[in-house]
Amino acid sequence: PLKELREVHWEGSSFNDLSPLYLKELPIEHFRCSCPSFGDAGVRHLRYLLGLRSIDLQVSRITTGDFASLSGLERLEALRISGRDIGAAG
């Protein structure tokens, strides 16, 4: 069941910055989020999803994103951010 979950596609404001913490024990490889309540703190919490291979943030409220916090995700191959201007720091 959930221990076999490899992909998460979430849409809507119910997924927020704390939501990734509920997924950290699952073997998720692909994470896609169209979530207007997902921001910089949520990006930092993605670091607990150690099996991630791709992150696709289609709708979010990230600014700088703190993407350095994802450096421990050794399997991460793709990071896609749509609809946000995160500036030169990103």
Side-chain angles (χ1 to χ4, degrees):
L2 288 179
K3 291 293 183 181
E4 297 176 14
L5 183 65
R6 300 287 186 259
E7 185 169 332
V8 170
H9 180 185
W10 205 288
E11 292 186 28
S13 60
S14 62
F15 195 91
N16 59 49
D17 288 340
L18 297 176
S19 298
L21 297 175
Y22 294 102
L23 305 174
K24 68 181 184 179
E25 301 295 324
L26 302 175
I28 297 169
E29 296 177 354
H30 306 284
F31 177 80
R32 184 171 20 165
C33 189
S34 295
C35 309
S37 298
F38 189 76
D40 295 336
V43 170
R44 285 191 296 277
H45 291 141
L46 290 176
R47 74 180 182 260
Y48 298 115
L49 306 180
L50 299 177
L52 278 179
R53 299 173 70 91
S54 68
I55 299 170
D56 185 357
L57 303 176
Q58 298 176 346
V59 175
S60 69
R61 62 177 174 78
I62 61 172
T63 56
T64 60
D66 193 16
F67 298 107
S69 65
L70 303 179
S71 64
L73 297 177
E74 296 177 0
R75 296 180 177 183
L76 189 63
E77 300 169 353
L79 173 62
R80 179 178 172 206
I81 301 160
S82 303
R84 300 300 300 172
D85 179 8
I86 57 174

Colleague: State, yes or no, whether a side-chain contact exists between Arg6 and Ile28 at a heavy-atom distance under 4.5 Å.
Modeller: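 No, every pair of side-chain atoms sits at 4.5 Å or beyond.
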Colleague: What are the two closest non-hydrogen atoms of Ser14 and Ser19, and how far apart are they?
Modeller: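 Shortest heavy-atom contact: O-OG, 3.9 Å.
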Colleague: With distance as the sole test, does Asp40 use its side chain to make a donor-acceptor pair with the main-chain N or O of Ile62 at under 3.5 Å?
Modeller: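 Between the backbone of Ile62 and the side chain of Asp40 there is no qualifying donor-acceptor contact (under 3.5 Å).
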Colleague: Check whether any side-chain heavy atom of Phe38 lies under 4.5 Å from a side-chain heavy atom of Leu46, and answer yes or no.
Modeller: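 Heavy-atom side-chain distance check passes, below 4.5 Å.
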Colleague: Between atom CG of Leu49 and atom CD of Glu25, what is the distance when rounded to the nearest 0.5 Å?
Modeller: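 Leu49 atom CG to Glu25 atom CD measures 10.0 Å (nearest 0.5 Å).
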Colleague: With ring pair (Phe, Tyr, Trp, His ring centres under 6.0 Å) as the test, pick out the partner of Phe31 among Trp10, Phe15, Tyr48.
Modeller: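 Only one option passes, and that is Phe15.
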Colleague: Heavy-atom count around Arg75 CZ within 6.0 Å, excluding the residue itself: above 12?
Modeller: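 12 or below, so no.
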Colleague: Taking the side chain as everything from C-beta on, heavy atoms only, tell me whether Leu57 gets closer than 4.5 Å to Val43.
Modeller: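 Side chain of Leu57 against side chain of Val43, heavy atoms only: contact under 4.5 Å found.
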Colleague: Drop me the distance from Lys24's NZ to Leu26's CG, to the nearest 0.5 angstrom.
Modeller: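 That separation rounds to 11.5 Å.
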Colleague: Atom OG in Ser60, atom CG in Asp17: separation rounded to 0.5 Å?
Modeller: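 Ser60 atom OG to Asp17 atom CG measures 9.5 Å (nearest 0.5 Å).
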Colleague: Give a yes or no on whether the backbone of Glu11 and the side-chain of Ser34 come within a donor-acceptor separation of less than 3.5 Å.
Modeller: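 Side chain of Ser34 to backbone of Glu11: no pair is present.
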Colleague: Search all heavy atoms of Gly42 against all heavy atoms of Pro20 and return the closest pair with its distance.
Modeller: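 That closest heavy-atom pairing would be O-CG, 3.9 Å.
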Colleague: Are Leu50 and Val8 co-members of a hydrophobic cluster defined by side-chain heavy atoms under 4.5 Å apart?
Modeller: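 Yes, because Val8 and Leu50 connect within a single hydrophobic cluster, where side-chain heavy atoms sit under 4.5 Å apart.
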Colleague: If you group Ile, Leu, Val, Met, Phe, Trp and Tyr by side-chain heavy-atom gaps below 4.5 Å, do Leu5 and Tyr22 land in one group?
Modeller: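 Leu5 and Tyr22: separate clusters.
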Colleague: OG of Ser37 to CG of Leu18: how many Å apart, nearest 0.5 Å?
Modeller: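 That separation rounds to 11.0 Å.
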Colleague: Output all residues satisfying side chain to side chain donor-acceptor pair (under 3.5 Å) with Glu4, sequence neighbours left out; order by chain, then residue number.
Modeller: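 Glu4 satisfies side chain to side chain donor-acceptor pair (under 3.5 Å) with no residue once adjacent residues are dropped.
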Colleague: In Å, rounded to the nearest 0.5 Å, how long is the span from CG of Asn16 to NE2 of His45?
Modeller: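 Those atoms lie 10.0 Å apart.
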Colleague: Any chance you could measure Ile81, atom CD1, to Ile55, atom CD1, to the nearest 0.5 Å?
Modeller: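 Atom-to-atom, Ile81:CD1 and Ile55:CD1 are 8.5 Å apart.
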Colleague: Please enumerate all residues that pass side-chain contact (heavy atoms from CB on, under 4.5 Å) together with Arg32, with sequence neighbours excluded.
Modeller: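 Partners of Arg32 under the side-chain contact (heavy atoms from CB on, under 4.5 Å) test: Glu7, His9, Asp56, Gln58.
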